[in-house]
Structure formats: C-alpha cells, structure tokens
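Note sheet for the following structure.
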Amino acid sequence: MRSFRPRPRSLAGQLFAMQVVLIAAVVAGGAFFAYVSGSARAEETARRQVRAAALAIAVSPSVREAIRAPDPSAVLQPYAEQVREDTGIAFVTIMDPQGVRWTHPDPTRIGETFLGHTARALRGETFEETYTGTLGPSIRVVTPVRDGGRITGLVSAGITVERVSSQVRGQLRALSLAAACALALGGIGTYVINARLRRHTHGMNAAELSRMHDYHEAALHAVREGLLMLDGQRRIALINDAGRELLGLGPEAVGRRVDALELPLSLTGALLASEPRVDELHLTADRVIVLNSRPVVGGEQRGTVATLRDHTELQSLTGELDSERSFSHALRAQAHEAANRLHTVVSLIELGRAEEAVGFATAELELAQVLTDQVVGAVAEPVLAALLLGKAAQAGERGVELVLAENSRIDDGVLPRTLAQRDLVTVLGNLIDNATDAAAEGPRAPAAAVPAPAPAPGEENPAPAHAPVRPRVTVTAVAEAGELLLKVADNGPGVGREDAEAVFRTGWSTHGTGRGLGLALVRQTARRNGGTVELGRGPDGGAEFSVRLPIGDRVPSLPGTAAGGPA
C-alpha cells in the first residue's frame, strides 16, 4: 500500500505561519514587559501614596492635639478612617511610642501592640518596609509624630500586597485584551498579504519555486530559438543566449529600451508594436529573422514576449530550391522543344531531304552551344557558370534573352574560400531573377526618331523605322584589382528615383504580396562580405545593379605578363 505523503505547505502558507508566530511572540513579549513594568510602577505608586499619607498625618496639628488628649482614640479613629477612605489605602495606624494602637481599620484591634518595626521611627526616621501584619502582607511607611522636639507618637500607613496585585491584574486584563486585538489585526493583515502572495506564486512552495527557477534558467540556455521579454516601458527584461546571438547584443542589453539598441528600423517597430506579430521576416546586418510576438496583458499591458528564429539558412535553401525548380521547368521546356526539333529532323529525312535535315540540326546545335561556350570561356568559376547557364535557360523560357558582357572574366581559383559559394548564388541569382521579371514586363521603348519621309509615287513602303526590341538581361562578372564586380542590367521599365532606396527594404515589390526579399538579401549578403550594392540606370534604359565584393590580391596574371601587370 503506497504511503501518503502530504504536499509541503506553500510558500505563502509558510510565511503566514512564520509571521503569525512572530507577531504572537512580539505581542507576548510586549505584554510580559508591560506586566513587569506595570507591576513595578504599581508598587512604586503604592509606596509614594502611603508615604504621602503617613507624612501628611504626622504633621497635622489636629493629630498632635488629639495625642495630648486623655482619650486619643476617640478623636484619631474617625480621622484615620476618613483618611483611609479618601486615599484608598489599606490602613492608617496611629500609635504611642511604645507601639500601642490608637487607630485600626478593625476597631477590636485598638489597644493592641503594632505588628512591625518602629525602632528607626523612634530615632526620627521615616522608612518603608513590607511586613505581614493583621491584614496580611502589606507595603507600609512608618514615620514619627513630633510635638516640639519630642516624639509623641508614630504613624503607619500601608496598602496590602493583594490590593496592589489586584490593580496589576486589572491592568493585565486590559493589556491582554489589547494584545489579543493586536494579534488579531496582525493575523488578518498577514493573511491578506499572503493571500496576494499565494496568487502571485500560484500556491507553490519554496522548493517548487526554486525548482521552477532552475528549469527556467536551463530552458533559457537550452532553447535554440531566441526569446525576448519586454516590460511595459519596452525595456528588455529578459533575453536568452540565442536571442543575444541573433540580435548581436551583449549582456548589457538587459534593462535598455528596444529603440536604443540600434536594431533595424523594421525590427524595432515590430518589437515596439502593441499588436501580435506572426511569422514576420526581418533582416539584420547578417541574418534573416522570423519574429513572433504577443503582448502580455493582465488588466493593463505589462509587456511583450517575442520569439526569434534564424531563417538565414532556410531562406538560402528556399532560394536554391526555387532555382532548382526553375531549372527543372526550363529543362522540361527544352526537352519539349528538343522533341519538336527532333520530330522535324525525322520528318525531313522521311521526306528525303537529308541535306536540309542536317542543316537544320547543325544550326540548332550551334545556336545552343554559343552561350555555353561563351559562359565557360569567360567564367571559370563552376558555380557561377552553372548558375548563369541555368538562369539563361530559365529566362529563355520566359522570352527574355540573357547576355554575358564581353568584358566578363573570372578565372578559376580567383575567388577566396572566405567568400561562400552560397553567397554568390544568393547575390547573382536574385539580381538575375529581378532583372528577368523587369525585362519580361516589357522593354523600355527607344527614343522617338525623326519620322521618315513619305514614299514617292510608285515606290514601295520602306521598312518600319523601329523593329520590336527583345527583352534582354545583361550580366557582367569581372574579377580584377582585388575586387569582384557583378553587374546585372535589364531593358525593362527601370526604377524611379523615389524608390532607389525602398527597393532594398524587406517586403517592397511591384509584383504583389509575398515578394520583396531578394534585393534585401542581396544587400545583406554584400554587407556581410564587406561589399556594396549600387543602383543605377543601365545602357538599355532599365535598372542596373552593381555589387562589389573584396576578394584580395588573388587575380593571377596571364602567361607572358609580369605579376600584377595588365592582363
């Protein structure tokens, strides 16, 4: 049978119990101190009271006269009782120097000998003592009565210890009531505070809170996604290791406002926004980041929780997949066209026109080989050559001519290993894709020319002044003087001056939503490799993008030239 182990008391419950015990101890200690000090004060008050009464009686002229009378008790007994009732003391005893009582609260005790010490009073002193007499233990004062220079009597005034104790007990009851009220109020206040603490800690005990903190720290360091928590003032309250790495921040970022971290404007605006953000793409200096954010709301906006995912590798793989898909479509189209041409050759042979079939096939082969020979001869870097051939096939399927400039030259082994091939594909592939889209929209019409004169009578109409302009993309790839120049121009509609900077922003596109990341990636990749991107106007009137990437002094000299001389 499994034993039952009670759940440990919550942290709020433990604090409540500790606070109640503490309040009870404080109240009990205060009550004990008040009782002790009250007892001492009560006894001191009683001593002062009986001393004052005894001295007042001893110096009274009527007392001295009554002592000289034949029957002092007849006058002194009523007087002593009146004083005792007025002052609230226990007894007033007036006696002769031998200690024989003239007064007593119990008239039957008159004439008996006083129970107590009188020697010091007979020597003229006034003294105090606690003595057990006929009324029980009492605090008493004994003082002499002087008539001239002679002691004619003694006065003893006292209050019983029981009466003093009863006064202290009355004070103690009042003190206990006040202590109980203080304990009750302290307990209620402690309960209210700990009820609020229980809500904030969700009823967990100290061990559970400590364990949750350990899990929290381990999760923050283990999770691969960036986690960013902002408070209501948009200051960073918490950021994990992955978040610091993705945003390029250091430990000092905690406590700073988001708009003071020099992050990209789009990312800063998304973090400052009060509405949720879902799978937004943002570019930093060297990364593509996917942002998801949600405000923390509990009666009022308390902050924002944001997660960051590194989309750089995935974006590169997506671009390569799109290129492969485009290549496959182009190859499928070429296969279809090759089949048509093969059918044409076969049909010509069947018709007995073998020479025409050979001429047709030779012309098609030469046409297909021209661009391949041109690219391979000028660009010895295999990745760039393959990319250019694939993009040429893709552009050709869309009716766009891709041309490699005559001055293009990249020898094998020129590009350094630090320049990733994936970055080259990202830069040149996105530029060619954007140029192909622009050229496919329709080339820019040439400038208007002077109209030709009308034909003379009997003459044929001349040829049209302008033949249709074919969409064209011109690519220049040159590696010289420690720099790689990649230039892509088109004869499309171009980019207006007002959009010269906007084209590099994430999401800017003239082809609908879901686009506008390619040029932003181009600029990001160029900056990451220490290069630049410039936008200008091409020779055919369209846009021209120029990317310059430093490659060091690795351009080899041609045979027969000195190292570093003109190639």
Exercise for the section: Output the distance between atom CG (Asn240) and atom CG (Leu227), rounded to the nearest 0.5 Å. Expected result: 5.0 Å

Exercise for the section: Just do the side chain to side chain contact (heavy atoms under 4.5 Å, CB included) check on Ile236 and Leu249 with the steps written out, would you? Expected result: CA-CA 11 Å; Ile236 295 181; Leu249 303 177; 4.3 Å; yes

Handout entry: Cationic N near anionic O, under 4.0 Å, Arg140 to Glu128
Key = no

Problem - Residues in salt bridge (Lys or Arg N to Asp or Glu O under 4.0 Å) contact with Arg48, at least two apart in sequence or another chain - result: Glu44

Let me have the donor-acceptor pairs involving side chains of residues 74-83, under 3.5 Å, with sequence neighbours excluded, atom names and distances please.
from  : atom 1 : to     : atom 2 : distance (Å)
Gln77 : OE1    : His104 : N      : 3.0
Gln77 : NE2    : His104 : O      : 2.9
Glu81 : OE1    : Arg84  : NE     : 3.3
Glu81 : OE1    : Arg84  : NH2    : 2.7
Gln82 : NE2    : Asp86  : OD1    : 3.1
Gln82 : NE2    : Asp86  : OD2    : 3.1

Problem - salt bridge (charged side-chain N to carboxylate O under 4.0 Å, His left out) pairs, two or more places apart, involving residues 94-103 - result: Arg101-Glu112

Practice task
Determine whether Asp423 and Asn529 make a side-chain contact, defined as any pair of heavy atoms from C-beta on separated by less than 4.5 Å.
Solution key: yes

Fill in the blank from the handout: Closest heavy-atom pair, Ala270 versus Ser293, reported as atoms and distance to 0.1 Å, is O-OG, 4.4 Å

Practice task
Find the distance between CE (Met95) and OG (Ser73) and round it off to the nearest 0.5 Å.
Solution key: 12.0 Å

Problem - pair Trp102-Ile110: side-chain heavy atoms closer than 4.5 Å - result: no

Problem - Side-chain (Glu534) to main-chain (Phe545) donor-acceptor, under 3.5 angstrom - result: no

N/O donor to acceptor pairs below 3.5 angstrom from side-chain atoms of residues 113-123, sequence neighbours left out:
from   : atom 1 : to     : atom 2 : distance (Å)
His117 : ND1    : Glu129 : OE1    : 2.9
Arg120 : NE     : Glu125 : OE1    : 3.1
Arg120 : NH2    : Glu125 : OE1    : 3.4

Practice task
Just do the side chain to side chain contact (heavy atoms under 4.5 Å, CB included) check on Ile151 and Val145 with the steps written out, would you?
Solution key: CA-CA 6 Å; Ile151 296 176; Val145 180; 6.0 Å; no

Exercise for the section: Mind checking side chain to side chain donor-acceptor pair (under 3.5 Å) for Thr532 and listing every partner two or more places apart, or none if nothing turns up? Expected result: none

Practice task
Please assess Val254 against Leu238 for the test side chain to side chain contact (heavy atoms under 4.5 Å, CB included), listing each intermediate value before the final yes or no.
Solution key: CA-CA 6 Å; Val254 177; Leu238 184 146; over 6 Å; no

Practice task
Could you list the residues that satisfy side chain to side chain donor-acceptor pair (under 3.5 Å) with Thr130, not counting sequence neighbours?
Solution key: none

Practice task
Quick one: list whatever passes side chain to side chain donor-acceptor pair (under 3.5 Å) with Glu275, sequence neighbours left out.
Solution key: Arg277

Practice task
Kindly indicate whether the side chain of Glu225, heavy atoms from C-beta on, has any atom under 4.5 Å from the side chain of Leu308.
Solution key: no

Handout entry: For Arg257, all residues meeting side chain to side chain donor-acceptor pair (under 3.5 Å), sequence neighbours excluded
Key = Asp259

Problem - For the student: nearest non-hydrogen atoms of Ile159 and Phe91, plus distance - result: N-CE2, 4.4 Å

Handout entry: Main-chain N/O of Val155 paired with Thr143 side-chain donor or acceptor, under 3.5 Å
Key = no

Practice task
Would you list the pairs meeting side chain to side chain donor-acceptor pair (under 3.5 Å) in which at least one residue belongs to residues 145-156, sequence neighbours left out?
Solution key: Arg68-Asp147

Fill in the blank from the handout: Heavy-atom nearest pair, Ile89 first then Gly158, reads CB-O, 3.6 Å

Practice task
Report yes if some heavy atom in the side chain of Leu521 is under 4.5 Å from a heavy atom in the side chain of Arg523; otherwise report no.
Solution key: no

Handout entry: Heavy-atom pair of closest approach, residues Val278 and Asn292
Key = CA-OD1, 3.3 Å

Handout entry: pair Arg256-Leu261: side-chain heavy atoms closer than 4.5 Å
Key = yes

Completion exercise
Between the CG atom in Leu519 and the CG atom in Leu431, the distance rounded to the nearest 0.5 Å is 6.5 Å

Exercise for the section: Just jot down the side-chain contact (heavy atoms from CB on, under 4.5 Å) partners of Ala526, sequence neighbours excluded, or say none. Expected result: Val533, Val547, Leu549

Handout entry: Criterion side chain to side chain contact (heavy atoms under 4.5 Å, CB included) on Leu291 and Leu267, from CA distance to verdict
Key = CA-CA 8 Å; Leu291 170 71; Leu267 181 58; 4.2 Å; yes

Practice task
Could you tell me which non-hydrogen atom of Ala543 sits nearest to which non-hydrogen atom of Val495, and how far apart they are?
Solution key: CB-CG2, 4.0 Å

Practice task
Specify the closest pair of heavy atoms between Leu230 and Leu271, including all atoms of both residues, with the distance to one decimal.
Solution key: CD1-O, 3.7 Å

Problem - Side-chain heavy-atom pair Leu55, Thr126 within 4.5 angstrom cut-off - result: yes

Handout entry: Gap separating the OG1 atom of Thr525 from the CG atom of Asn430, nearest 0.5 angstrom
Key = 8.0 Å

Practice task
List in chain and number order the residues that pass salt bridge (Lys or Arg N to Asp or Glu O under 4.0 Å) with Arg244, two or more places apart in sequence or in another chain; answer none if no residue qualifies.
Solution key: Asp241

Completion exercise
Those residues at least two apart in sequence (or on a different chain) that pass side-chain contact (heavy atoms from CB on, under 4.5 Å) with Asp231 are Gln233, Arg235

